[in-house]
Number of protein chains: 4
Amino acid sequence: MPKIVDHDQYRKELLSKCFDLFAQKGYGSVTMRQIAQEMGVSTGTLYHYFSSKEALFEQLVEEISQQDVSAALAELEGKETLSEAMTALGKYLVKNEDYFIKWTFVWVDFCQHQDSEKLRHQSSVFKRANQRYQQAACSFLGVQDQVLASFVLSFVNGLILEKLCGDETIDFVEQCTLLGKMLTAYLQQNSTIQN
Amino acid sequence: MPKIVDHDQYRKELLSKCFDLFAQKGYGSVTMRQIAQEMGVSTGTLYHYFSSKEALFEQLVEEISQQDVSAALAELEGKETLSEAMTALGKYLVKNEDYFIKWTFVWVDFCQHQDSEKLRHQSSVFKRANQRYQQAACSFLGVQDQVLASFVLSFVNGLILEKLCGDETIDFVEQCTLLGKMLTAYLQQNSTIQN
Amino acid sequence: MPKIVDHDQYRKELLSKCFDLFAQKGYGSVTMRQIAQEMGVSTGTLYHYFSSKEALFEQLVEEISQQDVSAALAELEGKETLSEAMTALGKYLVKNEDYFIKWTFVWVDFCQHQDSEKLRHQSSVFKRANQRYQQAACSFLGVQDQVLASFVLSFVNGLILEKLCGDETIDFVEQCTLLGKMLTAYLQQNSTIQN
Amino acid sequence: MPKIVDHDQYRKELLSKCFDLFAQKGYGSVTMRQIAQEMGVSTGTLYHYFSSKEALFEQLVEEISQQDVSAALAELEGKETLSEAMTALGKYLVKNEDYFIKWTFVWVDFCQHQDSEKLRHQSSVFKRANQRYQQAACSFLGVQDQVLASFVLSFVNGLILEKLCGDETIDFVEQCTLLGKMLTAYLQQNSTIQN
DNA sequence: AATGAATGAGCGTTCATTCAT
DNA sequence: TATGAATGAACGCTCATTCAT
C-alpha cells in the first residue's frame, strides 16, 4: 500500500508548513486560503487531505505534540551536576525560544477551542504528551518525584509564557541557574533530613 | 438635552461584560454580534462606544491589566512564614483558578495579535503591568531580589498554563508548598553562606 | 406667525450649507451625519427640519432651481452686439465654472433618482425652471425663437458637462465666441432671406 | 484541471450586464448584491472577478468608453450635404436616446467619484475617449477645426443632458436641423470672407 | 427646539467549503 | 490527484432613522 504511505507522509509535510501560520495569527484568524498558499497547493487539494479547518488544526496539534521529546532531551542529558544541567537548559531555551513561543501559542489556541466535551475525547493526546514531558523531566533531573517534575515543567512553561508576552527583561539562563541553586539546596536539605 | 450617561463609565461596564467571551473563544473567533448580545446592546451601540473590534479588544486588555493587583495581594500578605505564605498562595490560585485561566487566554491572545511595531507602542501597558507584578511579588516574598520575583511569577504563570492546557493532575497547593520548601532551603543556604 | 417664518428661513439656510456636499459625493454617498456636521447641527435637529434624506434632497433641488435666474442674467444683458454678449457669456461661465459644475452634478443626481412616476409629480419644478431659462435665453439673445433658445441652452449645458467630465482643453470664451459668429451668420442669412 | 473559462472574457460579459443598473441608480445607490443578482451570479463570484465595487465601476467605465465610436460614425457618414448629415444625426440621437442618457448618467457619476488625484491617473482613459470623439466629429463634419468639433460635441452632449433632465419639449431632429443651418451659414460666410 | 444614544437592517467584503472539470 | 470557480452565510461595520431627555 504505497499510495497510502505517500498520502499520509504528504499530509504530515503539509501540516508542518502551516505551523508558523497558526502560531502567528491564531486559529480564528487564519484562513484556509492562506494555509493553502503557504502549503503551495490549491484549496481543493487542501480539502483533499483535510476534511475541515478544525480537523486540520487538530492534526497539526497532534503532530507537534508527538514530536519526539527524547531527541531534544538527548541534547540536555549527560550533565554531571545539576548546575551544569540547568545552565544547559537555559541555553537550550534561549536557542529555541522562537519555536517554544510558537508552540505555546498553538497549544493555548488549541485548548481555547476545545469545549469540555471534546476535551475528554482529545485528552488522550494531551495526557500522553504530558506523560512524556514528565518522564523526560524526571530523567533530566535524575529523580522520580512527579511533583518535582511538574514543578520544573511549570517553571519552564512560565518562563516561555513571560517571554511570549513580551517581557524582555527575563533571562532564561539566569532563571535556570537560580532554579539549579534552589533545586540543589532543596535536595540537599531533603537528603540531610532523610539521612 | 440628550440622555445623560457617563460615556466612559458605561464603556468600562460594557468591557467587563465581554471578558469571558474573549477568554472562551479567542479574538479571531468572537464576532461583534456575539459581543453586542453578551453586552445586551445592539451592534450599532457597540460601535458607538468602540471604534472597532481591535480597539475594543485593546481597551479590554488595558482595562484588565489595570485592575489593582495590590487589592489581591492584600489577601495574601501578612503571613508569618514563607510556608504559610505559600499555602495561602496555593489556596488563592485554586480559588481564582477560572479567572486566572481566562486572564491568561486573553493575554496570550492579545500578544499573538500584536505585531512587533505595535508591541513597542503598547509596551507601556505591558511594562507597567509587569512592574506591578514584580513589586507585588517582592513585597509578598519579603525580598528585593528581582530575579527571585521573576522566578516565582514565572512559576505561577506556568502552573496556570498547565491547568489551562487541561492538566488536571497538577495541584496548586502541593506545588506552592514545594515552592515554599525550595525557597526556604535556598534562602537559608544563602544566608548561611553570606554569614 | 413669526416662528414659522424663522423655521422656514432657517431651513433654507441649512439647505444652502449642504449643496457642496451633495455636489461632491452624490446623493447615495452622502450620509445624514455628514450633512448634519456640515450644517453644524445634530442629526436630531436635522430630522426636526427635514423628514428624510430624500425630502431634504428634493428641497435642496427645489431651492437651487428657484434661485432667481434674472438676477444673474442682469449681469449679462445690455450688450450692444451679439458678439459682445457672447464674450460676456463666456467670461460669465469661466467665472462661475465651479458653481455650474456643482449645479449640474446635483441636477443629474436628482434626475437619476426620480422614477418615472415621481417625475410627473416633480415635473412642475422642472418645467417652471426650464421656462425661466428659456425666457432668459430669449431675452438675452433678443429673439423670440424657442428653438433657438433651446439650442443655446443645450450648448451651454454641454460646455459645462464637458468641463465637468474633466476636459480641460475646452475654452468657454472661445466656444462662446464661435457661438456668437454662428448665430450672427445664421440670423443675417435668415433676415436676408426673409427680406 | 479546473473548469475552463476565459476569465477576462467572462469579466467583460459580466460588466455589460450591470451598465443599466449603474445608469438607473448611480454608483452610491447600487449594492453589490443587486449587481450580482443582475449578473446572475453570487456575491462571492462577483468578488472573484472584481476586487471591489470601485474597481468594478472603473472597469465598467473603461469598457464603455472603449466601445468603438467609429462603428457608430459609419452609420452617420457619407452624407452629401451638411443638412442631410444633421438630419441623420438627429435621427441617430432619437434612436439611441436611452443609451446616450444611460451613458451620460454613468459618466457623470464616474466623474463625481474621481478625486483630483485619481483624475490624473485616469485621465488617459478620458483623454483617449475624448480624442476619438473629436476626430469622429471632424470626420463627420468634413472639417479639421478642433474648436468647431468641440462646439458640435458640446451641443450634442447638451441635448442629451436636457433630455436626461426630463425636458420633453426638446426635439433632437429639430435642434440638429438648426445646427445644420447655423453651420452652413457660418461656413459659407467664412469661405466668402476668405475669398 | 435640540441633543446624541440607540436601533437593526443592510452595506461591502470574506469565509469555509463544494464540485465540475 | 488536483484545480480554482462558485456559493451564500456570516463577517466587521455603517446607515437612516427614532426617541427619551
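Here is how names work: the chains are called A, B, and so on, in the same order as the sequence lines, proteins then strands, and each is numbered from 1.
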I'd like to check the ring pair (Phe, Tyr, Trp, His ring centres under 6.0 Å) partners of C:Phe50; sequence neighbours left out, ordered by chain and number.
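Testing C:Phe50 for ring pair (Phe, Tyr, Trp, His ring centres under 6.0 Å), a comparison that skips the adjacent residues, returns none.
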Who passes ring pair (Phe, Tyr, Trp, His ring centres under 6.0 Å) against B:Phe105, sequence neighbours left out?
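B:Phe105 satisfies ring pair (Phe, Tyr, Trp, His ring centres under 6.0 Å) with no other residue.
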Please map the stems of DNA chain F, keeping only stretches of three or more Watson-Crick or G-U wobble pairs with both distances under 3.5 angstrom.
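Stem list for DNA chain F: E:2-21 with F:2-21.
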Atom-pair distance ([atom1] on [X]; [atom2] on [N]), nearest Å:
X       : N      : atom1 : atom2 : answer
A:Leu14 : F:dT1  : CG    : C1'   : 13 Å
B:His7  : E:dA6  : NE2   : C1'   : 13 Å
D:Asp8  : F:dA5  : CG    : P     : 12 Å
D:Leu56 : E:dC11 : CG    : C1'   : 15 Å
D:Lys53 : E:dG12 : NZ    : P     : 4 Å

Base, sugar-phosphate, or nothing for B:Phe50, non-hydrogen atoms under 4.0 angstrom?
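No contact.
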Does a side-chain N or O from B:Tyr10 land closer than 4.0 Å to OP1 or OP2 of E:dA5, or not?
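For E:dA5, neither OP1 nor OP2 has a side-chain N or O of B:Tyr10 closer than 4.0 Å.
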Pairs satisfying side-chain hydrogen bond (donor to acceptor under 3.5 Å, both in side chains), at least one member in residues 30-46 of chain A, at least two apart:
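As it turns out, the side-chain hydrogen bond (donor to acceptor under 3.5 Å, both in side chains) pairs with a partner in residues 30-46 of chain A, which skip direct neighbours, are A:Ser42-A:Thr45.
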Could you tell me which residues satisfy side-chain contact (heavy atoms from CB on, under 4.5 Å) with A:Tyr47, sequence neighbours excluded, listed by chain and number?
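Testing A:Tyr47 for side-chain contact (heavy atoms from CB on, under 4.5 Å), a comparison that skips the adjacent residues, returns A:Met32.
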Residues forming a side-chain contact (heavy atoms from CB on, under 4.5 Å) with B:Ser16, sequence neighbours excluded:
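Applying side-chain contact (heavy atoms from CB on, under 4.5 Å) to B:Ser16 gives none.
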Residues within residues 20-48 of chain B bordering DNA chain F, heavy-atom distance below 4.0 Å
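Only B:Val30, B:Thr31, B:Met32, B:Arg33, B:Thr43, B:Tyr47 qualify.
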Name all pairs fulfilling the salt bridge (Lys or Arg N to Asp or Glu O under 4.0 Å) condition that reach into residues 10-22 of chain C, sequence neighbours left out, sorted by first residue then second.
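Listed once each, the pairs are C:Asp8-C:Arg11, C:Asp20-C:Lys102.
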For the pair C:Trp107 and C:Phe110, name the ring-plane relationship: parallel under 30°, tilted 30 to 60°, perpendicular over 60°.
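It falls in the tilted class, 30° to 60°.
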So, using side chain to side chain donor-acceptor pair (under 3.5 Å) as the criterion, who are the partners of C:Thr104 when residues are at least two apart?
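Checked C:Thr104 against side chain to side chain donor-acceptor pair (under 3.5 Å); zero matches.
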